[in-house]
K.L.:
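Below are the structure tokens for one structure; questions will follow.
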Amino acid sequence: RLLAPCGRTTHMGPVGTGQLTKLANQIVVAGTLLAVAEGFAFARAGGADLAAVRTALAGGLSDSTILRQHGERMVHADYAPGSPAAQQRENLRNAAAQA
């Protein structure tokens, strides 16, 4: 109850497993971002309309928040960073070190 104002909370296990979960999230986010970017580059190189590709993929197995949000940015060639790449790189290095 103490953390209720912070939103949904999930007990992950013993001390340190919350940090492991954060790093697992970063692995999934980075991998999904890479997959969406590669898929869109593949489709663009073949002449596909990226907006149509995004629409077709939404709702299928490849649908995700990253496809919807970052895919929309890719459709419009909006590559303004949302956060520093160095931060994601550091998180992935921490995950690799932990592994």
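Note: hydrogens, waters and symmetry copies are ignored here, and every other heavy atom, side chains too, is used.
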K.L.:
So which atom in V53 and which in F40 form the shortest heavy-atom distance, rounded to 0.1 Å?
P.N.:
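Result for this residue pair: CG1-CE1, 4.2 Å.
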K.L.:
Would you check if K22 and N91 make a side-chain contact, meaning some heavy-atom pair closer than 4.5 Å?
P.N.:
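A side-chain contact under 4.5 Å exists here.
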K.L.:
Closest approach of A43 and L50, non-hydrogen atoms and distance?
P.N.:
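Residues A43 and L50, closest heavy atoms: CB-CD2, 4.0 Å.
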K.L.:
Hey, does the side chain of S64 reach the backbone of L67 with a donor-acceptor pair shorter than 3.5 angstrom?
P.N.:
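Such a contact is found between S64 side chain and L67 backbone.
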K.L.:
Please determine whether side-chain contact (heavy atoms from CB on, under 4.5 Å) holds for the pair L33 and Q88, giving the CA-CA distance in whole Å, both sets of side-chain angles, and the decisive distance to 0.1 Å.
P.N.:
CA-CA 11 Å; L33 273 168; Q88 188 171 49; 4.1 Å; yes
K.L.:
Is there a path of hydrophobic side-chain contacts, each under 4.5 Å between heavy atoms of I/L/V/M/F/W/Y residues, joining Y79 to V75?
P.N.:
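Yes, same cluster.
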K.L.:
For the atom pair CG (L2) and OG1 (T9), what is the distance rounded to the nearest 0.5 Å?
P.N.:
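So the CG of L2 and the OG1 of T9 are separated by 10.0 Å.
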K.L.:
Could you tell me the separation between the CG atom of L34 and the CD1 atom of I66, rounded to the nearest 0.5 Å?
P.N.:
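Nearest 0.5 Å value for the CG-CD1 distance: 10.5 Å.
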K.L.:
Output yes when a side-chain donor or acceptor of R68 lies under 3.5 Å from a complementary backbone atom of D63, and no otherwise.
P.N.:
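No.
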K.L.:
Please report the closest heavy-atom contact between I27 and A95, naming both atoms and the distance.
P.N.:
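Residues I27 and A95, closest heavy atoms: CD1-CB, 3.7 Å.
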K.L.:
Check whether D78 reaches the backbone of A80 with its side chain - one donor and one acceptor, N or O, closer than 3.5 Å.
P.N.:
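Pair found, side chain donor or acceptor close to backbone of A80.
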K.L.:
Report the distance from atom CG of L23 to atom OG1 of T17, rounding to the nearest 0.5 Å.
P.N.:
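Output value for this atom pair is 11.5 Å.
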K.L.:
Do you know the tightest heavy-atom contact between M74 and R44?
P.N.:
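Closest approach of M74 to R44: O-NH2, 3.4 Å.
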K.L.:
In Å, rounded to the nearest 0.5 Å, how long is the span from CE of M12 to CD of Q19?
P.N.:
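Here the interatomic distance stands at 12.0 Å.
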K.L.:
Do you know which two heavy atoms are closest between A30 and L92, and how far apart they sit?
P.N.:
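So the two residues come closest at CB-CD1, 3.7 Å.
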